[in-house]
Amino acid sequence: MPVVGFGLWKVTKSTCADTVYNAIKAGYRLLDGAGDYGNEKEAGEGVRRAIADGLVKREDLFITSKLWNTFHARDHVKQITKMQLGLWGIDYFDLFLVHFPVALKYVDPSHRYPPEWFGDDGKVYTQNTPMHETWGAMEELVDEKLTKNIGLSNCQGSLILDVLRYAKYEPQVLQVELHPYLTQEALVKLCKTFSIAVTAYSSFGPQSYVELGVDKGVSSLLTHNVTSTVAKTHGKTEAQVLLRWATQRGIAVIPKSNDLNRLSANLDCNSFDLSESELAALSALNINLRLNDPADIDRRLAIFA
């Protein structure tokens with residue numbers, strides 16, 4: 001799995017195909033998508049165009065997608081995975097993740113897709129599907145070659161340990177919110193102990209949440225004096241510094257940008273090294289700020305409590 005990928009969260013349908021094509025043209029080989037992002041068909045169009053133009057072959061790409069909360073039941077996992085593959089226009093995912101350890105009431109894709117968090121009445125409806133059942137269905141995807149690898153997202157240590165107790169195929173990747181305001185050091189150490197690769201999302205902290213109005217009023221990491229000082233020292237952008245803070249410690253990143261220059265700069269984040277003191281200064285910004293927390297939607301979904 002490449003260490004630097006391109007994230008598809010909040011990439012609009014109207015621009016997604018072109019954005020994916022340009023990302024591949026710039027050198028990105030990991031594309032991180034999800035059913036919940038609502039742009040899989042358009043992302044697949046970008047991939048097909050890149051392949052048709054000879055930029056890459058399918059086997060050159062590492063395509064990740066995720067199982068949404070309403071499809072956790074064994075009978076629904078394979079059904080929705082095949083549908084998502086159809087939207088992408090591919091035969092297999094390289095990695096398929098359980099998006100959240102939250103089981104919600106099934107919503108038929110023909111009724112609404114993506115189903116998001118709420119029922120038709122705007123309320124959240126949970127479903128009593130245990131992770132054991134969901135993980136077993138995920139393993140069947142591997143057996144049927146619908147995905148090469150499976151993993152988890154937004155999970156804490158206790159649930160990871162639980163899955164490891166019964167897994168036929170252990171999770172290969174954990175994807176979590178991780179940035180200098182939320183360093184999650186104990187979780188990263190646990191994953192390294194069990195050889196689970198870690199992918200960080202929201203590497204720029206509050207920046208991704210400003211337009212959603214849920215940045216929680218915290219100053220941007222991209223303008224923080226610590227980040228800016230390190231960036232000036234190395235002649236790099238603040239974004240590159242934040243990405244390198246993760247990749248230098250073996251954590252993959254999946255930034256998004258619609259700007260071609262920033263897109264290329266982000267991919268080039270491994271062209272320099274931070275000193276130990278710089279890494280420590282960035283980590284010292286930790287305030288355990290979690291920006292993506294389902295408990296903000298419904299207190300029954302406090303998976304990080």
Ignoring hydrogens and geometry, is there a side-chain-to-backbone donor-acceptor pair from [X] to [Y] under 3.5 Å?
X: D60; Y: K57; answer: yes
X: E42; Y: A17; answer: no
X: D94; Y: T64; answer: no
X: R290; Y: L182; answer: no
X: N39; Y: V11; answer: yes
X: T70; Y: V107; answer: no
X: Q240; Y: A265; answer: yes
X: S202; Y: G205; answer: no

Measure the acute angle between the ring planes of Y181 and H179, then classify it against the limits of 30° and 60° as parallel, tilted or perpendicular. perpendicular

Using 30° and 60° as the class limits, which term best fits the ring planes of Y113 and F71: parallel, tilted or perpendicular? tilted

Using a strict 4.0 Å threshold on nitrogen-to-oxygen distance, state whether [X] and [Y] make a salt bridge.
X: K123; Y: D298; answer: no
X: D32; Y: K256; answer: no
X: D296; Y: K216; answer: yes
X: K41; Y: E45; answer: yes
X: D91; Y: R58; answer: no

Give a yes-or-no answer on whether the side chains of [X] and [Y] include a donor-acceptor pair shorter than 3.5 Å.
X: Q156; Y: S158; answer: no
X: S65; Y: Q84; answer: yes
X: D120; Y: H111; answer: yes
X: D268; Y: S271; answer: yes
X: D108; Y: S110; answer: yes
X: E139; Y: W135; answer: yes

Between [X] and [Y] (judged by ring centroids, cut-off 6.0 Å), do the two rings come close enough to count as a pair?
X: W117; Y: F100; result: yes
X: Y106; Y: H76; result: yes
X: W9; Y: Y209; result: yes

Looking only at heavy atoms, what is the nearest atom pair of [X] and [Y], with distance?
X: L243; Y: S203; answer: CD2-CB, 3.8 Å
X: P2; Y: L30; answer: O-CD2, 3.7 Å
X: Q175; Y: S153; answer: O-OG, 2.9 Å
X: N154; Y: H99; answer: ND2-O, 2.8 Å
X: P171; Y: V163; answer: CD-CG1, 4.0 Å
X: C269; Y: V4; answer: SG-CG2, 3.7 Å

Heavy-atom side-chain proximity of P255 to F6 below 4.5 angstrom: no

Within-4.5 Å side-chain heavy-atom neighbours: L141 and F96: yes

Applying side chain to side chain contact (heavy atoms under 4.5 Å, CB included) to E170 and S195, what does each step give before you reach the verdict? CA-CA 10 Å; E170 296 182 351; S195 300; over 6 Å; no

Worked check of side chain to side chain contact (heavy atoms under 4.5 Å, CB included) between T147 and Y92: CA-CA 5 Å; T147 185; Y92 66 90; 6.0 Å; no

State which residue, out of K13, K10, K66, fulfils the side-chain contact (heavy atoms from CB on, under 4.5 Å) condition with Y37. K66

Rounded distance (nearest 0.5 Å) linking atom CD of Q184 with atom CD1 of I251: 9.5 Å

Going through the distances and angles, do Y28 and N22 end up as a side-chain hydrogen bond (donor to acceptor under 3.5 Å, both in side chains)? CA-CA 9 Å; Y28 284 89; N22 289 330; over 6 Å; no

R49 charged N/C atom sitting above Y21 aromatic ring, 6.0 Å / 45°: yes

I'd like to know whether R244 forms a side chain to side chain contact (heavy atoms under 4.5 Å, CB included) with E278, so could you lay out the CA-CA distance, the side-chain angles of the two residues, the decisive distance to 0.1 Å, and finally the verdict. CA-CA 11 Å; R244 188 58 177 144; E278 289 170 334; over 6 Å; no

For a side chain to side chain contact (heavy atoms under 4.5 Å, CB included) check, start with the C-alpha distance between T199 and L174, then their side-chain angles and the critical distance, and finish with the verdict. CA-CA 6 Å; T199 298; L174 173 69; over 6 Å; no

Partner of D143 under salt bridge (charged side-chain N to carboxylate O under 4.0 Å, His left out), picked from K168, K78, K148, is K168

ILVMFWY network linking V142 to V173, side-chain heavy atoms under 4.5 angstrom: yes

Might you work through the side-chain hydrogen bond (donor to acceptor under 3.5 Å, both in side chains) test for W245 and S283, ending with a clear yes or no? CA-CA 8 Å; W245 170 81; S283 295; 3.0 Å; yes

